[in-house]
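Each remark here refers to the structure printed beneath this line.
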Amino acid sequence: MSLSLGTTAPLAVLGHDVEVPLVSGEKVGYAALDYAASAPALQRVWDDVAAYAPYYGSVHRGAGYLSQLSTDLFEQSRRTVAEFLDLRAGDQVVFTRATTDSLNLLAAAVPAGTRVFAFETEHHASLLPWAHAGLEVGYLRAPRSRAEAVAALEEALAAAPEGPKLLCVTGASNVTGELWPVAELTGTAHRYGARVVLDAAQLAPHHRVSVRELGVDWIAFSGHKLYAPFGAGVLAGRSDWLDAAEPYLAGGGATRTVARELDGSVAVQWHTGPARHEAGSPNVIGAYAIASACRALTEAGFDALEARERELVERLTAGLAEIPEVRVLNLFGAGSARVGVLSFVVRGWNSSHFAAALSAEYGIGVRDGLFCAHPLVRTLLGDEDSAPSECGAPEPSLPGERSLNAIRVSFGAGTPDEHVERFLAAVRELVTDGAAWNYRNEGGRCVADTRRAG
């Protein structure tokens with residue numbers, strides 16, 4: 001099979017020309033097909049950040065020129081993100097560390113007594129913060145169609161007691177890539193007086209997202225999945241619960257005034273608005289990187305990006321369907337619309353072994369495991385145990401639990417067509433001929449040995 005570099009991709013990303021060693025001793029252009037974990041940074045974003053770096057200064061309240069410039073850039077980044085998300089008048093943008101941080105922030109701001117609803121299919125970042133914050137959570141079973149998801153939510157909300165309610169739902173699954181019926185779920189939630197927060201970590205990099213059109217109350221996403229480097233994320237949406245809550249962190253920047261009282265205590269007045277939950281010196285470079293990525297995606301045009309990605313998804317699913325040993329994981333059916341994220345298992349292979357062979361023998365980077373969505377992957381795999389391998393099956397997380405794992409391939413606007421073709425050819429070759437090298441377990445990971453198989 002050909003190991004040449006492909007050059008066709010809508011947007012230039014860092015690392016497109018990186019070569020990695022194979023177990024054979026050869027080098028090959030790296031095929032990064034793990035965008036769902038962290039997408040490579042856009043060259044445009046990197047260039048924008050590099051151009052700003054010499055002018056880095058403290059944000060807010062600084063009298064110097066660089067401080068004022070950095071403050072303006074930070075606040076303009078907030079406005080750029082608001083435009084990218086098509087926020088409503090009165091909505092606010094809070095910069096966080098990532099989607100996980102955003103949803104934990106919101107969980108801390110939810111009024112006491114709120115009942116939260118979440119499908120068991122959620123990523124752990126949107127499944128776990130609510131109970132961790134002491135809220136009552138209704139976990140909904142994995143639906144097998146979009147209509148079933150809407151019906152399950154309606155049934156749960158109709159039976160719920162009076163009081164504030166919140167639905168947390170993903171826009172696109174980080175396991176299957178399938179698009180969820182966000183607008184329909186939001187309409188149902190609002191009819192019962194429930195609010196909605198959208199986990200857009202996997203949706204925003206692939207699709208235009210309009211908070212105004214979807215009707216969601218909040219949206220969360222991560223910069224590192226949106227082609228931006230550094231540790232920054234976004235929570236955007238309604239201000240009332242956020243302004244009424246105690247600050248997420250206590251410290252400078254979140255305070256309006258701090259005064260010593262006569263009794264020796266300290267009285268604090270907190271800011272309202274984004275500053276209330278952005279205590280400490282903000283990550284101005286991370287915020288600027290997200291804003292740069294938002295501009296780049298908008299200028300590239302989501303219509304064109306989505307059309308091109310649909311073609312790659314169709315090519316990938318059609319190619320895998322031709323290999324009888326491969327089973328693609330779906331909630332809503334084989335033809336369900338999805339972003340560039342797909343998980344599968346291969347009959348007779350342990351998924352960790354297969355992923356290691358893709359890397360060591362072909363220079364292809366994918367992900368294996370349960371993808372921080374353990375309940376969903378276990379539901380999708382059903383009774384299918386992971387096959388043993390030279391590396392051994394992964395350890396079950398609980399005593400007596402079956403060993404399960406899968407392989408995930410994911411891509412986006414920086415992926416050349418050739419990387420998808422190389423991946424399909426590698427899967428066919430591994431299924432037909434087996435791995436060419438031996439593998440061993442090292443520190444819990446499957447790694448290539450220096451001995452050829454056979």
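From a predicted model like this one, the values you see are computed outputs, not experimental measurements.
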statement: On a heavy-atom basis, the closest approach of Tyr248 and Ala108 is CD1-CB, 4.2 Å
task: Show the numbers, then the answer: is there a side chain to side chain donor-acceptor pair (under 3.5 Å) between Arg97 and Asn283?
output: CA-CA 9 Å; Arg97 291 181 297 174; Asn283 181 359; over 6 Å; no
- request: Check whether any side-chain N or O of His277 sits under 3.5 Å from a backbone N or O of Ala254 as a donor-acceptor pair, and report yes or no.
  value: no
message: Does any part of the side chain of Glu361, heavy atoms only, come nearer than 4.5 Å to the side chain of Leu430, both counted from C-beta?
response: yes
message: Nearest 0.5 Å, please: how far is NE2 in His206 from CZ in Arg310?
response: 13.5 Å
query: How are the rings of Trp180 and Phe119 set to each other: parallel, tilted or perpendicular (split at 30° and 60°)?
result: tilted
- prompt: Any side-chain heavy-atom pair from Asp48 and Arg295 closer than 4.5 angstrom?
  reply: yes
message: Strictly by salt bridge (Lys or Arg N to Asp or Glu O under 4.0 Å), give each pair with a member in residues 228-237 just once, sequence neighbours left out.
response: none
message: Has Gln202 got a side-chain atom pairing as donor or acceptor with Ala172's backbone, closer than 3.5 angstrom?
response: no
task: Look only at the side chain of Arg338 and the backbone of Thr176, and say whether a donor-acceptor pair between them is shorter than 3.5 Å.
output: yes
field: From Ser173 atom OG to Phe332 atom CZ, the distance as rounded to the nearest 0.5 Å
entry: 8.0 Å
task: Mark yes or no for whether Asn438, through its side chain, and Arg452, through its backbone, hold a donor-acceptor pair below 3.5 Å.
output: yes
task: With sequence neighbours excluded, tell me which residues meet side chain to side chain contact (heavy atoms under 4.5 Å, CB included) with Ala109.
output: Leu242, Ala245
- prompt: What is the minimum heavy-atom distance between Leu103 and Ala125, and which atoms define it?
  reply: CD1-O, 3.4 Å
- prompt: Which residue pairs satisfy the salt bridge (Lys or Arg N to Asp or Glu O under 4.0 Å) criterion with at least one member in residues 282-294, sequence neighbours excluded?
  reply: none
Between CZ on residue Arg408 and CG on residue Asp34, distance to nearest 0.5 Å: 5.5 Å
query: Mind checking whether Phe230 and Trp46 have parallel, tilted or perpendicular rings, split at 30° and 60°?
result: parallel
- request: Please examine the side chains of Val20 and Val28, heavy atoms only from C-beta on, and report whether any two atoms are closer than 4.5 Å.
  value: yes
- prompt: Is any side-chain heavy atom of Leu127 less than 4.5 Å from a side-chain heavy atom of Pro375?
  reply: yes
field: Exercise: identify the closest heavy-atom pair between Ala355 and Val366
entry: CB-CG2, 3.9 Å
message: Treating Thr415 as the side-chain partner and Gly412 as the backbone partner, does any N or O pair qualify as donor plus acceptor under 3.5 Å?
response: yes
- prompt: Quick one: are Arg347 and Arg327 in side-chain contact, heavy atoms under 4.5 Å?
  reply: no
query: Looking only at heavy atoms, what is the nearest atom pair of Trp437 and Asp449, with distance?
result: CE3-O, 3.7 Å
- prompt: ring pair (Phe, Tyr, Trp, His ring centres under 6.0 Å) with Phe354: which residues, sequence neighbours excluded?
  reply: Trp349
message: For the backbone of Ile407 and the side chain of Asp368, can you confirm whether one donor and one acceptor N or O come within less than 3.5 Å of each other?
response: no
query: Less than 6.0 Å separating the ring centroids of Phe423 and Phe411?
result: no
task: Evaluate the side-chain contact (heavy atoms from CB on, under 4.5 Å) criterion for residues Leu14 and Val45: first the C-alpha distance (whole Å), next the side-chain angles of each, then the deciding distance (0.1 Å), finally the verdict.
output: CA-CA 10 Å; Leu14 297 181; Val45 172; over 6 Å; no
query: Does Thr99 use its side chain to pair, donor to acceptor, with the backbone of Ser222 at less than 3.5 Å?
result: yes
task: Using the side-chain contact (heavy atoms from CB on, under 4.5 Å) rule, take Leu203 and Leu179 through it: C-alpha gap first, then chi angles, then the decisive distance, then the call.
output: CA-CA 8 Å; Leu203 184 65; Leu179 294 168; 3.6 Å; yes
Asp86 side chain reached by Arg208 side chain, heavy atoms, under 4.5 Å: yes
- request: Check whether any side-chain N or O of Lys27 sits under 3.5 Å from a backbone N or O of Leu22 as a donor-acceptor pair, and report yes or no.
  value: no
field: Check: Tyr227 and Pro205 side chains under 4.5 Å, non-hydrogen atoms
entry: yes
field: Interatomic spacing from CD in Gln43 to NE2 in His16 - rounded to 0.5 Å
entry: 6.5 Å
message: If I take atom CG from residue Leu320 and atom CG from residue Leu342, how far apart are they, to the nearest 0.5 angstrom?
response: 6.0 Å
Between side-chain atoms of residues 51-60 and protein atoms elsewhere (two or more places apart, or another chain), which donor-acceptor pairs fall under 3.5 Å?
| unit_1 | atom_1 | unit_2 | atom_2 | d |
| --- | --- | --- | --- | --- |
| Tyr52 | OH | Ser70 | OG | 2.7 |
| Ser58 | OG | Ser67 | OG | 3.2 |
| His60 | NE2 | Glu75 | OE2 | 2.8 |

- prompt: Taking it one step at a time, do Val346 and Val431 satisfy side-chain contact (heavy atoms from CB on, under 4.5 Å)?
  reply: CA-CA 8 Å; Val346 182; Val431 169; 3.7 Å; yes
- prompt: Is the backbone of Tyr35 close enough, under 3.5 Å, to the side chain of Ser410 for a donor and an acceptor to pair up by distance?
  reply: yes
Check: Glu325 side chain, Gly348 main-chain N or O, donor-acceptor pair, under 3.5 Å: no
query: Which pair of non-hydrogen atoms, one from Ile285 and one from Val49, has the smallest distance, and what is that distance?
result: CG2-CG1, 3.7 Å
- prompt: Run the side-chain contact (heavy atoms from CB on, under 4.5 Å) check on Asn174 and Val341 step by step: do they pass?
  reply: CA-CA 7 Å; Asn174 78 301; Val341 178; 5.7 Å; no
query: Do any pairs count as a side chain to side chain donor-acceptor pair (under 3.5 Å) and have a residue in residues 138-149, sequence neighbours left out, and if so which ones?
result: none
- prompt: Should the heavy atoms of other residues, nucleotides or ligands under 6.0 Å from CG of Asp433 be counted, would the total exceed 12?
  reply: yes
- request: Identify the two heavy atoms, one from Ala228 and one from Ala293, that lie closest to each other, and give their separation to 0.1 Å.
  value: CB-CB, 4.3 Å
- prompt: If you measure from OG on Ser352 to CZ on Arg445, what distance do you get to the nearest 0.5 Å?
  reply: 5.5 Å
- request: For atom CZ of Arg308, decide whether the heavy atoms of other residues, nucleotides or ligands shown that lie under 6.0 angstrom number more than 12.
  value: yes
field: Check: Leu312 and Arg315 side chains under 4.5 Å, non-hydrogen atoms
entry: yes
